[in-house]
There are 2 protein chains.
Amino acid sequence: MLKKQLIMERALELFAKQGFESTSVQQITEHCGISKGAFYLSFKSKDELIIALIDHFMMQITTEIDQIVRNTPNDEELLYKFYYAIYHSFHKQSDFAKVLIKEQSQTFNKDLILKMRYYDKLIENNILSMIERLYGEEVRQTKYDLMYCIKGFMNTYSQLFVFYNVPLDLKLLSESLVEKTNLLARHTTVPFISQELIEIVKQPMNAEVTKEQILEIVGQRIEEIETSIEKESLILLQGQLLEPTLPPAIVKGLLGNISNHPHCKWISYLLRRYYNF
Amino acid sequence: MLKKQLIMERALELFAKQGFESTSVQQITEHCGISKGAFYLSFKSKDELIIALIDHFMMQITTEIDQIVRNTPNDEELLYKFYYAIYHSFHKQSDFAKVLIKEQSQTFNKDLILKMRYYDKLIENNILSMIERLYGEEVRQTKYDLMYCIKGFMNTYSQLFVFYNVPLDLKLLSESLVEKTNLLARHTTVPFISQELIEIVKQPMNAEVTKEQILEIVGQRIEEIETSIEKESLILLQGQLLEPTLPPAIVKGLLGNISNHPHCKWISYLLRRYYNF
DNA sequence: TTGACAAATGACCCAATAGTCATTATTATA
DNA sequence: TATAATAATGACTATTGGGTCATTTGTCAA
C-alpha cells in the first residue's frame, strides 16, 4: 500500500513534466528505484495508475468545494472562499493541475473520459447550487451561463500559475473574481445556455456511482479505520444500504458523524448524493 | 501540392476523432488511399504534418480576427462581429477546433508549443487592441483581466459545440457574450492581472517571425500568384525589405494593395506587424 | 538452520509504429 | 516508339514500450 503511494507520487512528477503518453513505465520505475515487475504488483496497468491519480485528486477537490459550499453560513464570504479554495488546491497540487490540463479530454481511454466527465458534472452541480443559494430567483434565466463563466474563470486563470511559475496573490485573485461573478450575476439579461441545452449536454453522462460501488467503498473504509463512533456509524449505514430500515433523520445523523473523518469525506459525499440530502 | 492538401484534410479528420498521438501514419495513408511512401514525399515527418495543419488554420483564424478588428468602423458592432467570427470559424472548422483543444499544450513537441504560444500571443494582442479601442482610458487598470475573461469565454463556450454536436444559435451566443464583456469592462474595479504580470508571462515568447522568414514567404507568394498589381506590389515590398528606400506612406500603400488578395492575407498581416502599422 | 511463503527482479515477448529504400508504374519528351 | 524523369509503392528495418513470468531475494516461524 505504501509502494502504491510512492509510485503515484513519483509518476505524477513525470506526468506533469512530460505528459502521460510520453512517460514510459520504465521511466516511472527507474524514478521510483524499483523494478518493472514491482510496478505491476501495485497496478494492473499503466491506465490504472492514471485513473487512480485522477480519482485521488479529483475526490479531494470535489469534496473540498462541496464542504465549503455547505459549511459557509455567511453568503457574503461564500464566493470568495470558493475561489480561494479552488486556486489554493490547484496551487498546492500544481503537478496534478498540470496533468489535468495537459490530459484534459485526451481520447486514449474511454474510462478516463467518462471519469473526467463525471467529476466535471459534480463540480458543475456544486457551482450551480452555490449560484442558486447566492442569487436565487434573480438568476433563474441566466444561471447556466453564470456557471459556465465561473468555469471559464477557473480554467483560464489557473493556466497562469500552472504554466508560468509566477508568485500569485490568491486573495487578490479571489477578490477580483468575486467582483466579476457578482457583476455578471446581477446584470446579465441575455442568457445563452438554456435548460434544454444543458439537458442535451447531460445525455452521455450516465456513469453515476451505483449502490454496489458505494457499498464496496463503505466496506473498505470500515476495514481501514479503527473502532470509533465513525466506524460504528459506517457499519450502520452499510446495513441501511443493504436493507433500509432507519428513518431519514437517523441516516442523516449518521452521515453527519462521519463527514469530518479524514478518510470518510468522499464516501459521505457520495452517500449524501445517494440520499439526496 | 494537391496531395499535400488531401493528406492534410484526411489526417485532420482522424486527428479530430482519435488525437494526434493515437493516429498512425499507416492509418492516415489508408484513409487517403495512398501508400506510406507517398506520405513521406509530401511531409518530412508526422510532426511536420501537424505543424502544417496548425499553421494553416491558425493563420486563417488570426488574420480573420485581425481583419475584423481593423475593418469594422462602427464600435457598436465590433465586439459582436468579433465573437461571431470566432465561433463561426470554430464551427466551420470544428475538426480543427477539436484537435486544437485536445492537443493544447501537449508536451510532445517543443516547436509545436512555441508555435501555439506564438499564435496565442497574436490573438491576445488583437483582443487587447480591440479592448483599448472600445473602452480606452476606462479600462486602463483592468484591460488584461478583461482580455483573460474574453479568452475564457472563447474557450469555455467553444467546448459546447466542439464536444457535443448541438445546433447552436451563433447570433444569440455572440450577443450574450457582448453583454457580458461590456458589463465586465464598464464595472470591474478590482484588477488581478497587472502589466508586470503580463511582462513575466511574455518572457518565454521570443519566437517572433524574422525578416528572413518574411522574405521567404514573400518569395513564395510572388511565385504563386500571376502577374497583377498585387504581384508588383509584393516585388516592391520585397525590394524594400532587402534595402529600405521607400517612404512609409508608399510602403503602407503597397500593403493596402495586397491585403485583400486571398493568398496574401497572412503575409500582409506579418508585414503590418513588421512595420508597426 | 531450514523450509515455506511472499516480494521483487529484469530478461524476454509481442505488437505497433515512424521512417527508408530498392523496385515498379506512370508520365513527359524526343 | 524509346528513353528519361518523376511519382508511387510496400516490404523491410530499427526502435519503443506495455505487459509477463521464471527466477532470485528476503523474511519469518518452527
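Because the structure is predicted, anything quoted here is derived from the model rather than measured. Sequence lines set the chain letters: A, B, ... in the order given, protein chains first and strands last, and positions in each chain run from 1.
Taking a 6.0 Å sphere around CD1 of B/Ile229, one finds it holds 12 or fewer heavy atoms contributed by other residues, nucleotides or ligands.
Using cut-offs of 30° and 60° on the angle between ring planes, the pair A/Tyr157 and A/Phe153 is perpendicular. Taking the six-membered ring where tryptophan is involved, the planes of B/Phe43 and B/Phe39 are tilted, since the angle between them lies from 30° to 60°.
In this structure the side chain of A/Tyr119 never reaches within 4.5 angstrom of the side chain of A/Ile61, judged on heavy atoms.
In this entry the distance linking CG of A/Leu41 with C1' of D/dA22 reads 14 Å, nearest Å. Computed from coordinates, the A/Lys4 NZ to C/dA7 P distance equals 14 Å when rounded to whole Å. What separates CD1 of B/Ile34 from P of C/dA25 is a distance of 19 Å, to the nearest Å.
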Discussion item. Show, in sequence, the C-alpha distance, side-chain angles and deciding distance for B/Ile28 and B/Phe15, and conclude whether the side chain to side chain contact (heavy atoms under 4.5 Å, CB included) test is met.
Written reply: CA-CA 9 Å; B/Ile28 296 171; B/Phe15 289 164; 4.0 Å; yes
I'd like a table of atom pairs between the protein and nucleotides 17-20 of chain D - only N or O on both sides, under 3.5 Å - with the distance next to each one.
residue: D/dG18; atom: OP1; partner: A/Lys46; partner atom: NZ; Å: 2.9
residue: D/dG18; atom: OP2; partner: A/Val25; partner atom: N; Å: 2.8
residue: D/dG18; atom: N7; partner: A/Lys36; partner atom: NZ; Å: 3.0
residue: D/dG19; atom: OP2; partner: A/Tyr40; partner atom: OH; Å: 3.2
residue: D/dG19; atom: OP2; partner: A/Lys46; partner atom: N; Å: 3.0
residue: D/dG19; atom: N7; partner: A/Lys36; partner atom: NZ; Å: 3.1
residue: D/dG19; atom: O6; partner: A/Lys36; partner atom: NZ; Å: 2.6

